[in-house]
Every structure is written in C-alpha cells, then in structure tokens.
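Reviewing the structure listed below.
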There are 2 protein chains.
Amino acid sequence: MTREILDTSPAPNGDKPTLRSLAEATGFSIATISRALADDPRIATKTRAKVAAAAAAAGYVPDRAARRLRTGRTQVVTLLLNTEHEFLGFTHEFLSGITEALRGTGYSVNVVPDHVGEDRLQPVRNILRNHLADGILFTRTEAFDPRVRLLMENDFPFVSHGRTEFTTPHPYVDFDNEAFARIAVARLVERGRNRLSLILPEDRFTFTQHLRYGFLSAAREAGVDHEIVAGVTLDSSAAEIATAMRDGRSSDTPPDGYVCVGEVTALVTLSALADSGAVLGRDADIFAKRASPIFDNIRPRIETVYEDLRETGHKMAEMLLRRMAGDKPEGLTHILMPDFERLHHS
Amino acid sequence: MTREILDTSPAPNGDKPTLRSLAEATGFSIATISRALADDPRIATKTRAKVAAAAAAAGYVPDRAARRLRTGRTQVVTLLLNTEHEFLGFTHEFLSGITEALRGTGYSVNVVPDHVGEDRLQPVRNILRNHLADGILFTRTEAFDPRVRLLMENDFPFVSHGRTEFTTPHPYVDFDNEAFARIAVARLVERGRNRLSLILPEDRFTFTQHLRYGFLSAAREAGVDHEIVAGVTLDSSAAEIATAMRDGRSSDTPPDGYVCVGEVTALVTLSALADSGAVLGRDADIFAKRASPIFDNIRPRIETVYEDLRETGHKMAEMLLRRMAGDKPEGLTHILMPDFERLHHS
DNA sequence: AACCGGATTTATAACGTTTTAATTCTGTCA
DNA sequence: TGACAGAATTAAAACGTTATAAATCCGGTT
C-alpha cells in the first residue's frame with residue numbers, strides 16, 4: 001500500500017545521488033552541501049573536503065533542470081545553423097570545432113536551423129524570451145545584422161562568424177576574405193592572367209563586401225581587366241552557376257583567371273572549362289578557397305588556400321565561454337588568415 | 001525597502017508570463033490553468049477556452065526547466081556525432097534532416113561528439129544517468145554495438161543509423177549497402193570490367209559486412225576477379241588510400257573496376273588513376289556512392305548512386321518521436337535504396 | 001562566569017511546473 | 001428543505017537546486 005503511494009513520485013529517482021542524499025549521508029544540511037560543493041569559503045575547509053569525498057563516492061552530478069530553474073542559467077549554447085546551403089564540409093568542421101572547445105565545460109550545443117530566406121530574428125527572439133540558452137553562435141553575418149543588434153540591445157552573449165558594420169564592438173571570428181581576394185588576384189596576375197572573374201555571395205553578407213573590395217582594388221592596382229559575374233551568387237544552384245560560366249566562356253574575350261570563393265563554384269568552374277574545351281593552365285587558371293581536403297585529389301590540380309573552419313568554431317566557442325563568464329566584449333575578436341600550408345590535411 | 005526584498009528573486013522575471021500570472025489574470029487557480037492548457041477533460045470547456053485565450057494573449061510558453069524538473073522529460077534529443085571522419089556533406093545533410101523533422105515539435109537537438117577510437121559508451125551512460133535527453137540518435141553502428149545493448153536494456157528510446165545483429169528488434173534507418181555493392185559490381189561488369197577492387201570501412205561497422213557480402217557474392221556470381229584492398233579502410237587518410245591505390249596500379253594485373261563507398265575514396269581513386277597515366281573509361285571505371293552533389297561537376301564523369309542523408313536524418317528523427325511517444329519499436333525500421341535519379345540535386 | 005564576535009552551519013523560501021487528494025459548486029431527488 | 005452525487009475547481013506537495021536570513025558554535029575577553 002504505502003509503497004504504491006511513494007511510487008508516484010514523478011522521477012523514479014532510483015538512487016540518483018542528490019544534495020539531499022548527500023546531506024543524509026554526511027550528516028550536514030542541504031545548504032551546507034550545496035555551499036561546500038561550490039567551494040564557498042564560509043564553509044570550513046575540513047567540511048568541504050568531507051563533502052567533496054562523499055560526492056565523488058556517490059558519483060554526484062548536479063541536476064541540470066533544478067539548477068536551471070533556480071539560477072536561470074541553462075548551460076546550453078545554441079548554434080544557429082544554416083541548413084540550406086553549405087560550403088562543402090563547413091558544417092562538419094565547424095561543429096566539430098565547437099564541440100571540441102566545449103568539451104568538459106558542462107555546456108552543450110543545441111542546433112537550431114537558420115533559414116536566410118525567412119525571418120532570421122525569430123529563433124533569436126525565441127531564445128531570448130524563453131531563456132533557452134546562455135549564449136548564441138551564428139554564421140553568415142550581415143553588415144547590419146538584425147540578430148547582432150537585438151542581442152547587443154539585450155546584452156546577451158554571442159559570437160558571430162563574420163563582422164558587422166555596427167560601431168559598437170562585439171565578439172566575432174572572421175576569415176580575412178579581403179586578403180584572400182587580394183592573394184587570389186596576385187597569384188593569377190603572376191601567372192600572366194589579365195581578365196579576372198569572380199562570383200560573389202549574396203550582397204547582404206558582410207564578407208561579400210570584403211571579397212568585393214579586395215578583388216576590385218587588387219585588380220585595379222594590378223591594372224587587369226576584371227568582372228563580377230552578374231545574376232548569380234555563391235548560393236545559386238550548381239546548374240545556374242554552370243550556365244553563367246558557360247555564358248562567360250562564349251564571350252569574345254572570356255576570362256582567363258577565376259577567383260572561386262567556394263568549393264562548389266570551383267568545381268563547377270573546372271567542369272565548365274573542361275566542357276567548353278578550355279585547358280586549365282593554358283587557357284585559364286583558377287584560384288580557390290577551400291574548407292575541406294578534397295582538392296588535393298582533384299585533377300587537374302588547382303591552386304587553393306585553406307579556411308580552417310574547425311579552428312573557427314573552436315575560437316568562437318572559446319570566446320563565447322569567456323563572454324558568458326562575464327568578460328567584456330572588447331578584446332574578443334579574431335581574424336583567421338588564408339592558410340597555404342594546410343595542403344595535406346588528413 | 002520592501003521592493004528591495006522582492007527584487008532578490010533569482011530570475012528577474014520581468015513580465016514573463018507564467019502559470020501564476022495567468023491564474024491571477026483569469027481568476028482561476030494555478031492547478032486549473034495547468035490542466036486547462038493540457039486540455040484536461042475534467043476542466044469545463046468554457047474554462048478551457050478562456051484560459052487558452054488568456055495564454056495566447058500573454059504569449060505564454062511553459063518554462064522548460066520547470067517542466068523538466070517536475071516531469072523528468074527534457075524535450076531534448078541527443079545526436080551522437082562522429083567528429084573525426086566525414087563522408088563529405090554527411091553531417092550537414094544528416095543534421096538538416098533531423099532539425100527539419102523536429103521543427104515545431106518542441107524537441108531540440110543536442111550534439112555530442114562520438115569518437116570511435118574512445119569509449120563510445122561513455123556519452124550514452126552520461127545521458128542515461130543524468131537524464132540529459134529523452135531520446136538518442138547515432139551513426140556508425142556496429143554489429144554488436146554496445147550502445148544498442150545498453151539502451152535496449154534501459155528501454156531508452158533511440159534510433160540507430162545502421163542495423164545490428166542483435167536478435168531483439170530495435171528502431172533503425174539504414175541504407176541498403178548490399179544492394180549498392182551488387183549494383184556497382186553489375187554496372188562495372190556490364191562495362192566489361194573483370195578485375196574489381198573495393199576499399200571497405202572498418203570491420204566493426206555492420207554496413208561493412210553488408211558491403212563485403214554484396215560485393216563478394218555479386219563478383220563471384222558474375223565470375224570476375226575481385227579484391228578487397230588490405231591494410232587500408234575508408235577512414236584512412238587520403239594519403240594512405242592514395243598510396244594503397246598506387247600500389248594496386250603498379251601490379252601486373254591492376255584492377256579495372258573500382259567500387260567506391262565514399263566520395264573521398266572516389267576522388268583519390270580518380271587522382272591515382274590520372275597520376276598513374278591510366279585513362280578512365282579505357283583502362284578502368286569507377287562506380288561510387290555519394291552523399292553530396294559535387295560529383296556532377298567532377299571530370300571525367302563517373303557513375304554514381306546517391307545516398308540521401310537528409311532523408312535518413314528526417315526518418316530517424318520521425319521514428320524517434322514515435323518511440324518517445326510510446327510506440328513499440330517493432331515496426332520502426334526503414335531501409336533506403338540507392339538512388340539513381342538524384343543526379344541534379346541543387 | 002557571563003558575554004561577545006567571528007566562524008560555521010542551517011531552516012526556509014523561492015524558481016515554475018504537474019498531480020494527488022481534498023474541497024466547493026451545481027442541480028436533482030426524496 | 002435537506003441530502004447527495006457528480007462536475008468543477010483548488011490547496012498543497014514535490015521535483016533538486018541556490019541564496020537569504022537566522023541560528024548555532026566556539027575560543028577568548030571582561
């Protein structure tokens with residue numbers, strides 16, 4: 001009878017160690033146990049040691065729900081992840097970097113889809129309103145990204161992948177896309193190319209401007225012809241990009257140097273060249289940015305530079321940890337440089 | 001004075017609607033509000049309507065921490081994700097499928113790294129012990145996967161990507177790798193190839209056995225020579241695979257038909273062929289499985305079949321939802337077939 | 001010997017839910 | 001008129017934590 005009544009407690013409990021069970025085991029009160037585990041100096045050192053031992057013996061782990069309810073802290077980091085387009089391998093490397101940095105910190109990663117076409121603010125509002133996370137990471141940052149504005153207004157910890165043009169500083173990790181574009185132009189010009197072509201991402205993203213500026217100014221400085229392909233972006237389908245490429249090839253003066261910001265674009269360019277009878281190295285050259293090792297095995301070989309997304313994710317998560325711990329946003333920025341070395345990434 | 005004391009509540013609250021605030025607003029008790037929102041038939045229909053209206057007006061959303069503490073349900077699904085190796089695009093497509101299926105269900109995805117080299121059981125134990133999720137998804141399933149055993153013992157909801165050889169049924173989604181291997185062999189043989197070669201994943205994974213069986217039996221039936229490359233697996237570094245490939249090419253009777261289970265292997269094979277002076281279509285052919293659209297733009301073209309990982313993730317999440325809702329594991333299995341159609345995946 | 005102050009400890013009230021057991025309302029029937 | 005069953009509501013406890021405010025303890029003074 002009695003056991004039936006007791007049995008109705010919501011969590012079967014079993015024997016999960018809790019502050020209460022530790023209190024009973026050690027003879028101290030729940031409050032003392034709690035403080036001792038937090039290493040509160042008001043608790044006698046000897047007591048703290050005893051409690052720590054008991055906790056270890058019982059394998060005590062604080063209940064996240066209870067702590068969260070009481071403190072309002074979730075111990076969760078949300079990643080707003082674009083699930084439409086991907087830079088090959090982006091998601092994998094990026095996410096791996098994040099989980100790696102968060103390992104052992106007690107924080108876990110929560111993935112929420114971010115659709116560029118829809119309202120990008122909605123998931124953020126949801127997180128803010130219901131305190132669904134202690135911090136946010138996101139990608140594909142826009143020049144005046146509304147998410148950045150909203151999060152700054154609420155003084156909510158976040159790190160963006162990519163800069164913005166807001167004057168107030170905020171934590172970010174970015175790749176130096178301007179430097180990439182300049183390097184790409186320089187290398188192609190060195191090879192004697194003088195009609196350069198570039199396909200940009202959508203205008204809204206900040207890095208699009210960096211790429212444009214780097215490409216245009218380097219090309220002007222070098223005094224070579226150059227074009228930014230119209231009507232198509234990095235996120236266009238492979239088929240659309242292929243069509244645009246073919247159109248370009250059939251011009252009287254087709255480009256002879258291609259700067260490719262993504263792997264898909266690079267492959268499409270490569271196949272468009274092959275399909276139009278042009279020979280790489282003779283009729284044109286390609287310089288591409290890549291995030292995965294596959295280009296080591298693409299033939300003909302093309303020159304590439306590596307964007308380390310694992311490192312990017314790692315750095316972003318580290319910064320977010322600091323920000324959540326209360327650090328001021330000021331110093332928390334990092335810019336990764338194009339990497340020439342990483343040629344034989346396993 | 002008084003306001004200072006009131007101000008010490010841990011969550012600033014602000015004006016976040018809660019059961020209590022709804023109770024005050026409507027004049028009903030907290031218990032009634034709770035039941036009304038759950039559509040409990042014991043509450044008068046009129047009352048339920050009033051409460052629903054008030055909740056909607058206030059934009060009430062139940063507090064996850066409180067509900068979790070009370071009920072023990074987390075509303076979280078954990079994905080054990082391999083962060084070492086990746087099938088190109090695997091993570092992105094798979095994760096997208098999962099989040100898509102979970103959209104609007106109130107469940108969120110939590111990503112926890114799974115290192116095949118280390119103890120794969122540890123994250124699972126952690127989740128079970130501390131009730132960190134209501135369900136688990138994982139990949140790279142082994143024939144007698146200890147995670148499956150542990151989860152079944154605890155009657156904890158999960159869906160594996162890949163089958164096991166346990167006799168007790170459990171939910172899974174798998175790709176028909178045996179069919180893939182048979183098709184690959186058949187196509188290569190049709191093209192007149194009679195010395196086939198295959199690089200397998202590590203032996204521990206169930207799908208390795210399916211691939212092996214499909215390959216060996218199809219090759220025997222067709223009466224062609226065949227080999228499974230020794231000393232190297234799908235997860236070996238590109239460099240190691242390349243070396244093995246080159247060794248194979250320099251034999252007296254090099255293979256003339258390659259079955260490639262992953263994209264990296266296919267690209268390495270392609271580059272090894274090119275580097276050794278062999279011409280695709282004349283000296284050898286490749287048949288590959290792919291999970292991303294890039295092969296449309298690889299030249300020379302190779303024949304491929306598509307494994308839809310977005311669909312895989314979607315199905316797995318759907319099944320997990322059913323399982324968490326209490327469905328029996330019996331019917332919850334699904335096997336995806338190799339897809340020939342998906343040639344121009346955007 | 002009573003007392004004081006700093007060092008330790010503890011009772012207790014939240015945090016926002018769900019749910020058991022009890023209570024209050026209805027209208028009906030004797 | 002009063003009792004009563006059924007419908008509708010509610011008080012209160014609990015989930016496991018943290019933190020406020022109050023209560024003990026102890027050695028050293030007066």
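Letters go in sequence order (proteins before strands), and every chain restarts at 1. Bear in mind that the values here come from a model prediction, so they are computed numbers and not experimental data.
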Please determine, by modelled atom types, if [X] and [Y] share a side-chain donor-acceptor pair under 3.5 angstrom.
X	Y	answer
A:S21	A:T18	no
A:T164	A:H170	yes
A:T141	A:H161	no

Would you find a donor on one side and an acceptor on the other, under 3.5 Å apart, between the side chain of B:T74 and the backbone of B:D134? yes
Donor-acceptor pair, B:N110 side chain versus B:V77 backbone, under 3.5 Å? no
Please enumerate all protein N or O atoms sitting under 3.5 Å from an N or O of nucleotides 10-12 of chain C, with distances to 0.1 Å.
| unit_1 | atom_1 | unit_2 | atom_2 | d |
| --- | --- | --- | --- | --- |
| C:dT10 | OP2 | A:S29 | N | 2.9 |
| C:dT10 | OP2 | A:S29 | OG | 3.3 |
| C:dT10 | OP2 | A:T32 | OG1 | 2.8 |
| C:dT10 | O4 | A:R35 | NH1 | 2.6 |

Tell me which nucleotide among C:dT9, C:dT20, D:dG16 gets nearest to the side chain of B:R42. C:dT20
Pair [X] + [Y]: basic N to acidic O under 4.0 Å:
X	Y	value
A:D114	A:R140	no
B:D155	B:R323	yes
B:R125	B:D119	yes
A:R149	A:E153	no

Tell me the closest heavy-atom pair linking A:M316 and A:S160, and the distance in Å. CE-C, 3.6 Å
Can you pull every protein N or O that's under 3.5 Å from an N or O on nucleotides 23-28 of chain D?
none

Need one value for B:R67: base, sugar-phosphate or nothing, where a base atom within 4.0 Å counts as base even if backbone is also close, heavy atoms only. sugar-phosphate
Roughly, in whole Å, what's the span from [atom1] in [X] to [atom2] in [N]?
X	N	atom1	atom2	result
A:Q75	D:dG16	CD	C1'	15 Å
A:Y60	D:dT18	OH	P	6 Å
B:D63	C:dT18	CG	C1'	13 Å
A:N130	C:dG16	CG	C1'	13 Å
B:L69	C:dT17	CG	P	12 Å
B:K50	D:dA8	NZ	P	13 Å
B:K46	D:dA7	NZ	P	17 Å
A:D39	C:dT8	CG	P	14 Å

No-H, no-angle donor-acceptor pair, A:R70 side chain to C:dA14 base, under 3.5 Å: yes
Counting only side-chain nitrogens and oxygens, does [X] get under 4.0 Å of the OP1 or OP2 atom of [N]?
X	N	value
B:T71	C:dT18	no
A:T18	D:dT17	yes
B:R20	C:dC15	yes
A:S34	D:dA19	no

Per the side chain to side chain contact (heavy atoms under 4.5 Å, CB included) rule, which among A:V112, A:T78, A:L128 passes with A:P123? A:V112
Salt bridge (charged side-chain N to carboxylate O under 4.0 Å, His left out) for A:E142 and A:R147? Distances and angles first, verdict last. CA-CA 9 Å; A:E142 304 177 18; A:R147 300 170 300 176; 5.5 Å; no
Polar-atom pairs under 3.5 Å, protein N or O versus N or O of nucleotides 22-25 of chain C: list them with distances, or write none.
none

